[in-house]
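Quantities reported herein were computed from a predicted structural model and do not represent experimental measurements. Chain naming here is simple, since letters A, B, ... match the order of the sequence lines and numbering starts at 1 in each.
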2 protein chains.
Amino acid sequence: MATQQRRERERARRASLIVSAAREMAEAEGWDSVTIRKLADRIEYSQPVLYGHFAGRGAIVDAVALEGFEELAESMERARTSAEDGGELEAMAQAYLDFAAAKPAVFEAMFTLAEGLQFGDEALEPLKAGFASLYAVFAPLAGEGQDPETLTETGWAAIHGLATLNRDGRLRPGLQSQRLQILLQRFRGGSGA
Amino acid sequence: MATQQRRERERARRASLIVSAAREMAEAEGWDSVTIRKLADRIEYSQPVLYGHFAGRGAIVDAVALEGFEELAESMERARTSAEDGGELEAMAQAYLDFAAAKPAVFEAMFTLAEGLQFGDEALEPLKAGFASLYAVFAPLAGEGQDPETLTETGWAAIHGLATLNRDGRLRPGLQSQRLQILLQRFRGGSGA
DNA sequence: GAGCTGATCCTAGCACCGCTAGACTTCCGA
DNA sequence: TCGGAAGTCTAGCGGTGCTAGGATCAGCTC
């Protein structure tokens with residue numbers, strides 16, 4: 001009886017060990033070098049054990065991505081709620097860009113590697129939470145007769161584009177905050193100072 | 001003497017055959033299934049022949065990406081120059097989004113797979129041409145004391161984010177043109193009608 | 001406490017990948 | 001005609017994700 005629970009605990013613990021090992025390896029050497037063999041070595045089990053926890057390599061990447069979405073949502077929400085009046089958008093956008101810059105491998109898992117994550121109405125909780133944070137900030141900026149959700153998507157895309165192009169070295173380095181300022185100015189229609 | 005030239009021609013022809021085969025396969029079945037072996041089968045040569053043309057698989061992907069940049073730059077420039085007054089930004093942005101939607105595999109090669117392409121000041125011609133088109137449209141929109149190049153980067157990122165998030169199914173389908181309208185309205189500061 | 005049963009784990013191997021060494025064939029120029 | 005260079009192929013190396021099948025070990029039953 002209690003045995004069953006202990007096993008369950010150990011299983012869960014090992015699963016999260018796999019995920020964090022994958023994450024660390026990816027962040028240190030890139031996703032290409034995260035192989036099942038190395039992962040198995042790292043956690044000191046044979047390869048088949050990994051398949052007892054995840055359907056395959058892709059599922060492990062997805063798990064890292066999901067963890068990333070949780071953290072991103074949390075970061076954004078914290079930034080938003082602790083910002084002073086009028087500074088919510090900037091704080092949240094900055095949190096997004098910081099996340100992308102600080103955890104590039106996780107970000108990559110979330111937005112270019114993940115394949116099994118559901119979006120839209122049936123999305124998992126962390127994904128919805130992240131969008132909700134964005135919505136809370138963008139919706140008030142919607143103009144007359146403008147759908148706030150569509151505006152949110154647009155604003156998200158703008159921030160996201162900034163994050164990805166910058167990460168891939170396609171924008172001039174050292175100017176990210178200037179670009180963010182321009183974006184903010186355009187979206188809230190202010191002076192940009 | 002003439003033999004040398006004929007050989008040169010045949011070589012070039014075969015190189016472009018490889019690139020277009022890779023491109024077609026990627027567009028049809030995804031980049032994962034573009035393997036050197038299948039590619040060799042397709043062009044009816046053995047694998048080592050491919051390595052006489054390209055340093056490796058990555059170089060082939062890069063070649064497809066470069067071709068993509070040429071086409072994208074051309075599309076944007078055509079859209080921009082043939083648009084009626086005041087419609088340049090919309091036409092160009094639309095061209096960008098259309099390209100991403102119509103040729104997803106090429107777009108993927110350009111922005112997530114390519115590894116050997118230089119950006120910035122030493123970028124290849126097509127990349128510079130593409131940015132020049134963007135610059136021509138965005139620069140006039142720069143506000144007082146605002147760096148036009150930084151504005152261009154920001155605008156590009158916004159459009160790019162729209163393209164990628166939409167491609168990955170992370171935005172509600174069927175609303176891309178509404179999102180573009182919102183973006184345009186925000187960037188030119190107009191009414192958005 | 002002995003024996004059974006089911007969960008757990010590993011060894012070994014499949015089919016595929018990118019890439020390359022070395023042999024063979026073909027063609028050109030002297 | 002013949003020698004050398006260019007071109008091409010076969011075969012194979014080390015790696016990948018993934019899995020079948022057997023061994024081992026824990027816990028339950030009597």
Worksheet item: Run the side chain to side chain donor-acceptor pair (under 3.5 Å) check on A:Arg172 and B:Thr150 step by step: do they pass?
Response: CA-CA 9 Å; A:Arg172 291 170 303 160; B:Thr150 310; 2.9 Å; yes
Worksheet entry | Check: A:Phe111 and B:Asp168 side chains under 4.5 Å, non-hydrogen atoms | no
Worksheet item: Under 6.0 Å from the CD atom of A:Glu44, do we count more than 12 heavy atoms belonging to anything else shown?
Response: no
Discussion item. From CD1 of A:Ile36 over to P of C:dC9, roughly how many Å is that when rounded to an integer?
Written reply: 16 Å
Item to complete: Could you work out which one of D:dT8, C:dT20, D:dG17 sits closest to the side chain of A:Thr35?
Response: D:dG17
Worksheet, complete the sentence: Rounded to whole Å, the CG-P distance (A:Leu50 to C:dT11) equals 14 Å
Response to the item:
B:Leu113 CG to C:dG18 P, in whole Å, measures 13 Å
Discussion item. With a 6.0 Å cut-off (strictly less than), is the heavy-atom count around CD of B:Glu115, excluding the residue itself, greater than 12?
Written reply: no
Discussion item. Just the rounded figure in Å: distance from P of C:dC17 to CG of B:Leu39.
Written reply: 11 Å
Worksheet item: With a 4.0 Å cut-off on heavy atoms, is A:Arg14 in touch with a base, just the backbone sugar-phosphate, or nothing at all?
Response: sugar-phosphate
Worksheet item: Hey, is the side chain of B:Gln47 pairing donor to acceptor with the base of D:dC9 inside 3.5 Å?
Response: no
Discussion item. Using whole Å, what does the distance between atom P of nucleotide C:dG18 and atom CG of B:Asp62 come to?
Written reply: 15 Å
Fill in: Nearest-neighbour nucleotide for the A:Tyr45 side chain, D:dT8, C:dT11, C:dC9 considered
C:dC9
Discussion item. Nearest to the side chain of B:Arg57, heavy atoms from C-beta on, is which of D:dC18, C:dC19, D:dT8?
Written reply: C:dC19
Worksheet entry | Donor-acceptor pair (no angle test) under 3.5 Å: A:Arg37 side chain, D:dG15 base | no
Item to complete: Could you tell me whether a side-chain N or O of A:Gln176 sits under 3.5 Å from a main-chain N or O of A:Leu162, the two making a donor and an acceptor?
Response: yes
Worksheet item: Please give, in whole Å, the distance from D:dC13 C1' to B:Tyr51 OH?
Response: 13 Å
Discussion item. Rounding to an integer number of Å, can you tell me how far B:Ile60 CD1 sits from C:dC19 C1'?
Written reply: 12 Å
Worksheet entry | Closest to side chain of A:Ser46, choosing from D:dT16, C:dC10, C:dG18 | C:dC10
Worksheet, complete the sentence: Atom CD of A:Glu10 and atom P of D:dA26 are separated, to the nearest Å, by 12 Å
